[in-house]
Amino acid sequence: MRIVAKSTLVKFWCQPQCADSKGALQSWFDEAMKANRLTPQNMKAQYSSASICGNNRVVFNIAGNKYRLVVEAQYRAAIVWVKFLGTHARYDQINLERVNEY
């Protein structure tokens, strides 16, 4: 699977207050890059705590649910775009299906 863009993840974990997310985000990235077929069922099978949502959005719990990663999945093209990465508290304030900030 292709992930757009790893630089967003790196920028996030390089912030001193978010440094504890590095291991979890790196692991997520490495696993996601190895995925062969991208379907909602495969996402849920690989990441049991992931939430498959409307507008092709998938929400991942990061670092023990301290952070949330929202991606838009284009299943046929096997591409995911990072749409939101932030604290769980900040996630509670967004419109999941429309968010496009990172």
For this session: Kindly write out the residues that satisfy side-chain contact (heavy atoms from CB on, under 4.5 Å) with Ala32, not counting sequence neighbours, or none if the list is empty.
Result: Met1, Ile3, Trp28, Tyr47
Exercise. Quick one: side chain to side chain donor-acceptor pair (under 3.5 Å) partners of Asp30, sequence neighbours excluded?
Worked result: Gln26
For this session: Using the rule that two of Ile, Leu, Val, Met, Phe, Trp, Tyr join whenever any of their side-chain heavy atoms come within less than 4.5 Å, decide whether Phe60 and Phe29 are in one cluster.
Result: yes
Exercise. Does the side chain of Glu72 come within less than 4.5 Å of Val80's, by heavy atoms?
Worked result: no
Exercise. Who passes side-chain contact (heavy atoms from CB on, under 4.5 Å) against Ala77, sequence neighbours left out?
Worked result: Gln74, Ile79
For this session: For Gln46, check side chain to side chain donor-acceptor pair (under 3.5 Å) against everything at least two apart and list the hits.
Result: none
Problem set entry | Selection residues 50-59 - residue pairs positive for side-chain hydrogen bond (donor to acceptor under 3.5 Å, both in side chains), sequence neighbours left out | none
If you look only at distance, which donor and acceptor atoms sit under 3.5 Å apart when one is on a side chain in residues 62-70 and the other is two or more places apart or in another chain?
unit_1 : atom_1 : unit_2 : atom_2 : d
Asn65  : OD1    : Arg68  : NE     : 2.9
Asn65  : OD1    : Arg68  : NH2    : 3.4
Lys66  : NZ     : Asp20  : OD2    : 2.9
Tyr67  : OH     : Gln17  : O      : 3.3
Tyr67  : OH     : Asp20  : OD1    : 2.5
Arg68  : NE     : Asn61  : OD1    : 2.9
Arg68  : NH2    : His88  : NE2    : 3.1

Problem set entry | Gap between atom CE of Met33 and atom NZ of Lys6 - 0.5 Å precision | 8.5 Å
Problem set entry | Separation of Thr8 OG1 from Phe84 CZ (nearest 0.5 Å) | 12.5 Å
Exercise. Hey, any chance Trp13 and Val4 share a hydrophobic cluster, counting ILVMFWY side chains that come within less than 4.5 Å of each other, even indirectly?
Worked result: no
For this session: With sequence neighbours left out, write down each residue that passes side-chain contact (heavy atoms from CB on, under 4.5 Å) with Lys44, or none if nothing qualifies.
Result: none
Seminar exercise, completed: By side-chain contact (heavy atoms from CB on, under 4.5 Å), Cys14 pairs with (sequence neighbours left out) Val10
Exercise. Do the side chains of Pro40 and Tyr75 get nearer than 4.5 Å, heavy atoms only?
Worked result: yes
For this session: With the side chain counted from C-beta on, respond yes when Cys53 and Val58 share a heavy-atom pair under 4.5 Å apart, and no when they do not.
Result: no
Exercise. About how many Å separate CD1 of Ile52 and CD of Gln41, when rounded to the nearest 0.5 Å?
Worked result: 8.5 Å
